[in-house]
Chemist: 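Structure incoming, see below.
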Protein chains: 2
Amino acid sequence: MEFTNEELINFLKKNDIRPSNIRLKVLKYLLENRIHPSAEDIYNGVIDEIPTLSRTSVYNTINLFKEKGIVSELYLDDKEVRYDINTKLHGHFKCEECGRVYDFPVTSILHSGLEGFVIKKKEINYYGVCINCQ
Amino acid sequence: MEFTNEELINFLKKNDIRPSNIRLKVLKYLLENRIHPSAEDIYNGVIDEIPTLSRTSVYNTINLFKEKGIVSELYLDDKEVRYDINTKLHGHFKCEECGRVYDFPVTSILHSGLEGFVIKKKEINYYGVCINCQ
DNA sequence: TAATAAAATTGTAATCATTACAATTTTGTA
DNA sequence: TACAAAATTGTAATGATTACAATTTTATTA
């Protein structure tokens with residue numbers, strides 16, 4: 001998928017984020033690389049287009065995106081946090097062999113014991129061996 | 001709940017872990033404090049009984065327990081990893097107000113798109129406001 | 001347009017949970 | 001008792017993330 005600058009700018013504005021070059025490039029990277037990247041991945045993916053980019057700016061940008069609700073964090077069996085531009089409910093499967101993280105649809109979760117609790121966010125993470133690593 | 005040393009020793013042996021004082025005290029702490037403690041919590045909970053205890057030993061012990069499958073790790077919106085002695089499938093709810101982590105039963109999860117994948121572990125983490133913080 | 005304020009970006013240093021590792025202590029066994 | 005293996009300890013290293021102050025860029029006002 002390719003996104004025009006106009007689309008990216010509108011996306012940011014719609015989410016109450018003032019556009020800047022870094023923000024556009026980070027957003028573009030997230031939209032076009034659905035690999036649940038770490039901050040380091042994002043940094044490496046954008047540094048070529050913005051050679052003066054600092055890691056701090058990547059963190060600043062991600063944290064802003066988090067606040068505005070356009071990215072969610074992924075805590076998997078890693079020491080790095082990963083980021084996902086898809087904030088709709090879906091599951092994540094991490095392959096213990098190749099390390100890849102797959103999205104999968106979650107239709108429903110039957111649970112009990114949370115009467116009176118306000119649920120704001122749900123995470124569903126699976127671990128195992130993916131189909132390519134068997 | 002209270003556990004006798006004999007029960008604790010048998011529990012370890014059954015799981016192929018050679019008993020030692022530290023391992024017994026850490027296990028006892030985990031069984032009697034179902035608060036999903038961090039390594040630091042465990043350290044603080046055991047240091048009174050073993051004044052020479054080192055943090056490294058807590059990590060060594062937890063990592064051994066993990067390998068043997070008697071504790072699982074919990075990655076919540078925290079920088080610390082938490083540990084859970086209950087390895088059966090259940091959900092975790094983290095209250096964003098008070099920070100407490102609740103267990104809840106998960107009956108079933110309907111998902112798709114993982115045909116041919118081997119699923120070894122499932123995590124279900126919810127975030128929100130608990131009933132005591134409304 | 002120039003001057004000024006506000007926002008964004010940068011680089012360095014700090015933080016802090018966890019691990020690496022080597023030294024020491026304890027345990028089990030011959 | 002002596003020895004080998006295992007467990008424990010303390011210190012230093014690691015590495016992702018944040019704090020913070022300085023600099024640069026952008027927006028606003030006169």
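Protein chains get the first letters and strands the later ones, always in sequence-line order, with residue 1 at the start of each. Computation of the quantities below employed the complete heavy-atom set of this structure, encompassing side-chain atoms and omitting hydrogens, waters and symmetry-equivalent molecules.
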Chemist: For B:T52, which contact category applies under a 4.0 Å heavy-atom criterion: base, sugar-phosphate, or nothing?
Modeler: sugar-phosphate
Chemist: Report the hydrophobic cluster partners of B:V118, with the cluster defined as I, L, V, M, F, W, Y residues connected by side-chain heavy atoms closer than 4.5 angstrom, directly or transitively.
Modeler: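 Hydrophobic cluster check, B:V118: joined to A:V129.
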Chemist: Do the side chains of B:F93 and B:R100 get nearer than 4.5 Å, heavy atoms only?
Modeler: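 Answer no - side chains too far apart.
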Chemist: Strictly below 4.0 Å, heavy-atom distances to any atom of DNA chain C: list the hits from residues 11-29 of chain A, or just say none.
Modeler: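 The answer is A:R18, A:S20, A:I22, A:R23.
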Chemist: Under the salt bridge (Lys or Arg N to Asp or Glu O under 4.0 Å) criterion, do B:K94 and B:D78 qualify, and how do the steps go?
Modeler: CA-CA 10 Å; B:K94 172 151 189 228; B:D78 280 317; 3.1 Å; yes
Chemist: What is the separation between atom CG on A:N63 and atom P on D:dT17, rounded to the nearest whole Å?
Modeler: 10 Å
Chemist: Aromatic rings B:Y126 and A:H111: how do their planes relate, parallel, tilted or perpendicular, breaks at 30° and 60°?
Modeler: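 Ring orientation of B:Y126 relative to A:H111: perpendicular.
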Chemist: So do B:F11 and B:F3 actually touch side chain to side chain, heavy atoms under 4.5 Å?
Modeler: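 No, side chains not in contact.
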Chemist: Can you tell me the distance, in whole Å, between the CG atom of A:L53 and the C1' atom of C:dT9?
Modeler: 9 Å
Chemist: Can you measure B:I50 atom CD1 to D:dT8 atom P for me and round it to whole angstrom units?
Modeler: 8 Å
Chemist: So if I take every side-chain heavy atom of B:S57 and compare against D:dT17, D:dT9, C:dT10, which nucleotide ends up nearest?
Modeler: D:dT9
Chemist: More 5' along DNA chain D: B:V58 or A:E80, using each one's nearest nucleotide?
Modeler: B:V58
Chemist: Rounded to whole Å, please give me the gap between CZ in A:R55 and C1' in C:dA8.
Modeler: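 From A:R55 CZ to C:dA8 C1': 19 Å.
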Chemist: Just how far, in rounded Å, is C1' of D:dG15 from OH of A:Y43?
Modeler: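 Taking atom C1' of D:dG15 as the reference, OH of A:Y43 is at 16 Å.
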Chemist: How close or far is atom P of C:dA17 from atom CG of B:L76, stated in whole angstroms?
Modeler: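 Whole-Å distance recorded here is 16 Å.
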Chemist: For A:K79 and D:dA13, what is the distance between atoms NZ and P respectively, to the nearest whole Å?
Modeler: 16 Å
Chemist: Can you tell me if CD on B:Q134 sees more than 12 non-hydrogen neighbours from other groups inside 6.0 Å?
Modeler: yes
Chemist: Rounded to whole angstroms, how far apart are OH on B:Y59 and P on C:dC21?
Modeler: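 Computing the B:Y59:OH to C:dC21:P distance gives 18 Å.
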Chemist: For A:K66, check salt bridge (charged side-chain N to carboxylate O under 4.0 Å, His left out) against everything at least two apart and list the hits.
Modeler: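 Per chain and number, A:K66 pairs via salt bridge (charged side-chain N to carboxylate O under 4.0 Å, His left out) with A:E73.
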Chemist: Counting side-chain heavy atoms from C-beta on, which of D:dT18, D:dT11, D:dT8 comes nearest to A:T56?
Modeler: D:dT18
